[in-house]
Structure formats: structure tokens, C-alpha cells
Amino acid sequence: MQTSRRALLSLFPAATLLAVTRPLRAWAVPRPADAAADHAVLLDNVVAMFAGTADSNARPEVSGKLAAIDATARARLTAMDEAGQGELFRGVPLGTSDTNLTRSFQYLYEIALATRTPGATASCLRDNVAVQTRVVDGLARLYDDYYGTPSKGYYGNWFTWEIGISSHVSKILVLLKDHLAKYRPGLTAAYVASMDAYLRNGKDGDVDLDSRFHTGANLADITTNRILQGAVLDDGARIRKAITDQLTVFATVDPYHPLHGVTDGFYADGSFIQHASVAYTGSYGTGLLTRVVQTLKILHGTSYAQDIDGLAGTVHTWVVDGFAPLIFEGWMMDMVKGRAVSRTATGYDSVASVVEAVVDLSDCASGTDATALQGYVTYLARTSKAAPDPVSFVSPVSIARYAALLADASVPAKDLNPPARNVAFNAMDRTVHRRPGYAFALARSSTRISKYEYMSGENLMPWFQGDGAYHLYLSGQDQTQAFGVDYYTAVPPCRLAGVTAPVESRKTIPELYGTQWYDNPERGFTSSSESQNTYVYFPRGTNTFSGGASLGAYGAAGYVQADDVAYAAKQAGTLPDDFVVYRNAEATKSWFMFDDEIVVLAAGVGDRAGRPVTTTIDSRIADPSDVVTLTGELRDGRAWLGPGTAPLAWLRYADTGQGTAVGYVFLDEQQPTVALDTVTRSRRLVRAANPDTMVSKQVFSVSVEQAAGAPPTSMAYALVPNASEAALRSYAGGPVSVLANTPRIQAVQQAKLRIVAANVFAPGTHHAGRLSADGPASVILQEMRDGTTKVAVSDPTMERDTVSVTVRGRTMKAVSADDGVKVSPVGGGTRLDITTRHAYGRSFTATLRPTPSASGVAR
């Protein structure tokens, strides 16, 4: 695919452009006399990164990591001693399981690593040639019996053969390069040839940038492996090609002109997507961050790396705009972890890998960038309920840097987020709203973004995770007690916070088909086919309206709930008869995010199929031993007496064990249902590979229930984080009022902030307060104390060329306006015409001031 220079300029940071367009200059070809030295430096860098250096490993903070490396290697050697028939390691039978084959290579790597780790003076494994020989013999056996001939492999998951095994093998080849050359001189080249042959989704044994398998984090993994392979083979051309391929992941994705047709990667608004449509910053995104920072470290000091500063600057932007908004007091938000939400690893664990990458990135960066990154690391360590355990870091060198950074009193702890921040990740249908004391995280879906991700027996009950589900994170709380795998285990999938869902029984993929996918090769359904992706693993929605506007630290988001593409395709007769689909309920929703509250409106809530429907206002979990108190007041002023259905004015949930509270203000005539139950379920319920650990939780829920056949309804409420009872009572006739709540327009006013915000879902002109909008659109207006008026507008459908908004009242002129915003006077007000074509949901803002004549002053 040919890409114009204009497109490249929009896709790549300026500092990186030459590296992409002229790789042999920016990533120089070493002179023959220098090539060997370059490769020696590269190899030393790899060994240092994984095994540490004498200096790093001499620090006492690194001793735990060294002990773990040594203990792991000894355990693997014992398992090798006790291996049975058809095993290289005890309990890891070979021949039919790609997972066990990968694990066998991993175990060999872990033994090899211990033999190259300096500073472990008490270990007899360091530089132990006999142990290294056992590793090489194991490599040879796996090659001869299970891997070397490509016809022997490629059962199971494609990732195993193109990435997983190659990652372990490539590191072993580096760690034991000298011993391999003496003991089995042909084995390295043989393994590299086989690794090339297993790149079946590539081209001629190499990366194919047009392949849907060679994108984003996967591409970074493959190319890093190939850099290592080039170094051990002394093959500079291989290294340069791998670097050039990896540079494409640094490009900001232009959804209108995707390079090589790839939509995986980071977007201008900070969104990160993998698998073409999955919001994935918290899993694949962290993997990509880790890998590219490792590449910067690997290439340091070689002539291949002449633009490290430029690339480090790009990654710094990812951290500030892509990662930091999604990390709350050291916890990675659940809504960007795909199927990984069902794993037992916590959000704190996810952030540990980000911290390691940021530590190393700060070493590559310079000036204010380096200072900001260092301050962020210190901030995360101090605010997290589970600060990163350095033993979990990959590199002993990173542990040493981390320890030195935390001990440096000249580095002030500072968040990369301002105290108040609203981030519209519209490219991945996510919104984050942050204030001192809480963070609100909203997940939506559309024709662009998947409703959820299921795969490989992970995230077995995901159906509503992208249907307006939200997480309200409270400051000071141990988030493992509120969210993570236990939340998804304890809370029924149809009762996730924020979700409107039909009340019905659904079956998981393994229950439906007896396998981890729908197997029908004749109709194009294999384990990793495009049809499997589209209809089983990560189906998108059929709605286009999903997005919103940000005005400074305030935000509005809207969403039209719809069926997924599988249901639509089945109705159209294009899917096999035995393929099972589920119909969704209907709703039009808005979230208006202020300082003290998040106001939620829903309209057209119901089910055309006549099923009962539940709309969950919130679901929260607590330990059985925690004291949970529920207090409230009815609309007639009487005290609420307990769980059940009642005409509530407000409700307060408090968990004294965690020291947290959430308030709910009901802004209409609905009668919410409140429940508090204790449940016990196995974590295996949400992921087949989880330990069969039973989890007991108190589950609180507040919801609106609709009976079967009930007509569509509307509802309006406010979430009030950390609210007191007095604060909740103050909402009676208080600052928040609903201006409109229909499937055509939803709007609210926050009088204290002098804000009117609206989402318009239907064509035509719609009114709310001083606003008139030619929909569909998302609009926020705020009247400032200095007499100016600020307006933000976005196109949540991402399909409109222009959006027009009129601010009724005095004529105003623009003090400032974004490119693409035209301000002009009209009868009765001021009109803003915004060119939204190819803006991909971005907010356009303008600041207006009354004209002199509008203030009574002659022209």
C-alpha cells in the first residue's frame, strides 16, 4: 500500500518520519568494521535487560529478584530431573498441547537466565556450563521432536507459533550465544529458520504489515524477537527490517487513512485499540508499551538508534494521554482490559508493568519529560494500595532505577493528571471523569468498537460490558475489594453497574458449542478466522451514536444501545442455523459529568421482544465481614426503612470497612429496587483457567425493574461519590435539573456551575435552555463569571460533515475558537457552524463574549 507524504506527516511524529521513510539513514547501516561491535553492544544490552548488571545486581533492592530467578531455575531443573515419558519437565506433557510446548521453552529460558545473572554470588548456577548444556540439550530435543519441522506444529493458538515460543527461544539464543556456538553451532540458525517458517501469517518468513495478525502489540513482539535473532546471526539486514517494521507502531492511527489498513494502535485522543475494535490499553496496550521501551533499551548505544529522543517523546505522549487517565491510585481501570478482566491478576498488577516501562522511559527521556515521568512513578508508588512489587519487574536494572528514583528526595511525587480531568476516548468508546476523591469510567460500544471480548475460555459472561457499564472508583479504597475478577464473579452479568439488559438465561460459548469457539470450517468459522472474530470473540454493535464532548474538566457522553452484529446477521439469514445469538434490550442514554455528581438519563428503555428488563443504577461488592449501611429518604420526606422497591428521593450506600460511600439522587418518578445479598461463587465462573476459588461477597444493587411487556420508560438519577446524607438532601430543588429526556434529546442544567449540556440523537433542531442544536450532536455550554460563554461540540456518530449549534440570547463574537469553528450572529442569538468531517468524535470549542451593541453600547 502506497502512502503519501501528506498522510505520513499526519500519521507520524516529525522526529520519527525519517525513520519510516528513509530507514537506512535514520537507522543507519553500520560500516562492516562497526557491525560486529554494534551487534555485541546490542547483545550486551539484552543480557543486561533480563539478567541485570554487576552494578544493578549489587543493590540490596535487587536481591529479591535475584533470589526469585535462582529459585525458579532450581525448581525447573528439579522438574527436568523428574520428567516422565513424553515430557521435558514433570507435569508438562508434550505432543498435543501448544500451551505445554510454550511452557517447556519458558522453563528452559528461566534456567538459562539464572546462568547469566551477575551478582548472584551464592548461586552455583551462574556461568554453570553443565547447566547451560542441559538447556541446549533441551532445546535440541524440543526442536527434533516437537518443533523443528513446521508440519509438526501450528496446532492450538496461532500466537503460540508466531510469538509465544519465539519470544522464549530468541532470548535463550542471546543468553547462551557463546555456548551454543561451541556446543551446538548449527542449532541457532536452525531455530531461526523454523521461527521464520512458523510466521504463516507473514510473508516469505518475515513480517507482513498488511496482515491482521501483525499489528500493534503483536507486531512489536514479533519485531523485537527478530531484532534479537538478527543479533545472534550477525545479520544487520534482519535487524534493520525489524526496526523499520516496528516503527509503524509509533504512528498515530488515522482512522480515515489507516497505514496498511491497520486500525490497531494509539489514536490522537489517547485511545488504544487491538484486534481492530477492542479497547485494550490495560492489557495489549501495556504489552506494547513494555516492548517498545525495551527496544529503545536494546538499541541504546548502537548506530541503529539515532532518534531515541524522538521516539521516547512519542511514548511519553502515550503515557500522559493514553495511560495516566486510566490509572486511578495505582489501579488500571477494568474497562480497557478486554478478556483480561476475568483473570486473577489485579489492576495493581497491570500498573506494575506500566511503572517499569515509565521508569526506563524516564532514563531515555530528557528535560521536563524525564522529570514528569519520574514524579509520576513516585506518585503511583505513594498513592497505590498495592505499590508495585519490584520482583515482578522484568529487569533487575529497572528495579535498581526504581529504587534510586524513590530514594531521590529531589523528585517530587506528582500525578500526570490534573486534579480535575475529563477525557473522551471517543476512538475506543470510553470516557474517564476524574476528581479529587473519585474516578468515573464509562464503557460503550458501536459499529466501530466491540461490545466486549471473549476468547480462549476467558471472560465467559461478557455480554453487557460495553453497554454503558461503568465503574465508580473511590479514593482510598483497596480496589481489589470493589472491582477486578471478584466483581465480575459476584455480580450477575445483566446487573453490572449502568447496564440495561433483558432478564433471561444465556449460555457461555463452551456451554453452547462444547469448545472455546464456534467450530464450522465449511462456513468460515475456525479458531482464529475473521468470522470468529466478528461474531464470537469481539462483536461490535449496530449503533453509530456513541461519544460525547469535553469542555475543560466537564463532559457529556451519549449512547444508543443496540443489538450486536451477530444478532443482525442472524436475522438477515447470513449465519448458520446452529449459531446462537441473543437480542439486546433498547435504551438511549446520556451521562453528564460535573464536579460533585454524574447525572444519568435514560429514555426509550424497554424491550420490543416483550421480556422483562432491568436497568442497574449501581452494583457494588463488599466483604461479608464489612459493615454495609443503607440509608435513604422517600419523596414524601419519610425515612426509607430498608431493601425493596420504594419511591426514593435519595439513597446512600456506605461501606465502613473500606471507609467509602456513594449517594444516589433520583430525579424522576421511578421507584428503584434496592437489594443487599451475600453470594458465593467460583472464580472459574468467569474464566475456565482460573483456580476453583470460591468468592463470598455482599452484593449491593439499586435498579429499576420493568415487567415483561411493559411499555418503554425513562429514568433520571445522579451518582454522588463520597456523599453525606446532608449533601443528598440538598439536591431537593437543588443545582441539577433535567431539561429533556426523550430518545430524541437528553439535556440537563447544573445551576451552580452555570452549565447546560445536551445530547441530540435525532435529525432536526432541538432545544435545551439557551441551546439549539441541529442533531445528532453532543454540546456543553458554560457561562463564565467573567461574562464569557464557553461551548464545546462533538459529533458522536463520527459521520457528519458539519454540526450547527445556536446559543440563544445576546449576540456574541468569538474570543477564541478552534480551527473548523465559524461563529456568526443570527436572529435571536449566535450560531456556531462546526466542520466535524473526519474529526472522529473530537470536541471543538469556542469562547464567546457579548458584542458591544448587545451590552447596550453603541457601535
Side-chain angles (χ1 to χ4, degrees), residues 282 324-337 341 343-352 354-355 379-389 413 415 417 419-421 432-443 469-491 496-498 593 595-598 616-631 651-664 676 678-679 683 695-702 718-725 727-728:
L326 294 164
I327 297 173
F328 180 72
E329 295 184 352
W331 178 273
M332 177 64 71
M333 294 181 178
D334 303 73
M335 67 178 182
V336 289
K337 295 181 69 173
V341 295
R343 298 173 187 168
T344 56
T346 72
Y348 298 122
D349 297 328
S350 300
V351 170
V354 175
V355 169
Y379 171 82
L380 291 176
R382 293 183 182 176
T383 59
S384 175
K385 283 291 183 179
D389 179 1
D415 195 357
N417 297 289
R421 189 178 191 184
V432 173
H433 186 67
R434 303 174 64 104
R435 288 297 186 273
Y438 76 90
F440 176 75
L442 172 66
Y470 47 72
H471 296 73
L472 180 58
Y473 301 97
L474 301 176
S475 184
Q477 182 165 26
D478 178 354
Q479 300 302 333
T480 63
Q481 303 302 306
F483 296 110
V485 64
D486 288 349
Y487 177 77
Y488 292 99
T489 298
V491 178
L496 300 178
M593 293 156 278
D595 288 328
D596 299 325
E597 67 278 312
I598 299 98
T616 303
I617 293 169
D618 203 4
S619 285
R620 304 192 72 81
I621 62 173
D623 279 352
S625 61
D626 284 355
V627 177
V628 173
T629 59
L630 304 176
T631 54
L651 172 72
R652 183 175 185 266
Y653 166 93
D655 180 347
T656 56
Q658 290 291 313
T660 56
V662 183
Y664 310 91
L676 181 63
T678 298
V679 302
R683 286 176 175 165
V695 173
S696 292
K697 292 290 181 183
Q698 294 185 76
V699 178
F700 158 77
S701 68
V702 53
L719 303 171
V720 189
N722 306 308
S724 66
E725 292 184 10
L728 295 172

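This is a predicted model, so every value here is computed, not measured.
Rounded to the nearest 0.5 angstrom, Arg435 CZ and Ser475 OG are separated by 14.5 Å. Thr631 OG1 to Leu728 CG: the interatomic distance, rounded to the nearest 0.5 Å, is 7.5 Å. Rounding to the nearest 0.5 Å gives a distance of 10.0 Å between OH of Tyr473 and CZ of Phe328.
Between Met332 and Leu326, the closest side-chain pair of non-hydrogen atoms falls below 4.5 Å. Under the 4.5 Å side-chain criterion, counting only non-hydrogen atoms from C-beta, Lys697 is in contact with Asp623. Annotation: side chain of Asp486 is not in contact with side chain of Thr480 (no heavy-atom distance under 4.5 Å). Taking the side chain as every heavy atom from C-beta outward, Gln481 and Tyr487 never approach each other to under 4.5 Å. Between Tyr438 and His433, the closest side-chain pair of non-hydrogen atoms falls below 4.5 Å. Within the 4.5 Å cutoff, side-chain heavy atoms of Leu719 are placed close to those of Tyr664. Using a 4.5 Å heavy-atom threshold, the side chains of Asp415 and Arg421 count as separate. Under the 4.5 Å side-chain criterion, counting only non-hydrogen atoms from C-beta, Leu472 is in contact with Arg620.
Ring orientation note: the planes of Trp331 and Tyr348 are nearly perpendicular, at an angle over 60° on the 30°/60° scale.
The nearest pair of heavy atoms linking Ala381 to Ala387 is O-CB, 3.6 Å. The heavy-atom pair separating Ala490 from Ile621 by the smallest distance is CB-CG2, 4.2 Å. Of all heavy-atom pairs spanning Ala622 and Asp655, the tightest one is CB-OD2, 3.4 Å. Closest non-hydrogen pair, Ala345 versus Lys337, comes out as O-NZ, 4.1 Å. Taking both residues in full, the closest heavy atoms of Asp478 and Gln658 are given as N-OE1, 3.3 Å, listed atom of the first, atom of the second, then distance. Across all non-hydrogen atoms, the minimal contact from Met335 to Val432 is CE-CG2, 3.6 Å.
A donor-acceptor contact shorter than 3.5 Å is absent between the side chain of Ser384 and the backbone of Leu380. Side-chain atoms of Arg652 never come within 3.5 Å of backbone atoms of Ala661 as a donor-acceptor pair (strictly under, hydrogens ignored). Although no hydrogens or angles enter the test, the distance criterion places no donor-acceptor pair under 3.5 Å between the side chain of Asp334 and the main chain of His471. Counting only distance, with no hydrogens or angles, the side chain of Glu329 and the backbone of Lys385 share no donor-acceptor pair below 3.5 Å.
Side chains of Asn417 and Tyr379: a donor-acceptor N/O pair is absent below 3.5 angstrom, by distance only.
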request  = Under the side-chain contact (heavy atoms from CB on, under 4.5 Å) rule, what do Leu496 and Val491 come out as? Steps first, then yes or no, please.
outcome  = CA-CA 6 Å; Leu496 300 178; Val491 178; 4.1 Å; yes
request  = Give the intermediate values and the outcome of side chain to side chain donor-acceptor pair (under 3.5 Å) for residues Asp349 and Thr346.
outcome  = CA-CA 5 Å; Asp349 297 328; Thr346 72; 3.3 Å; yes
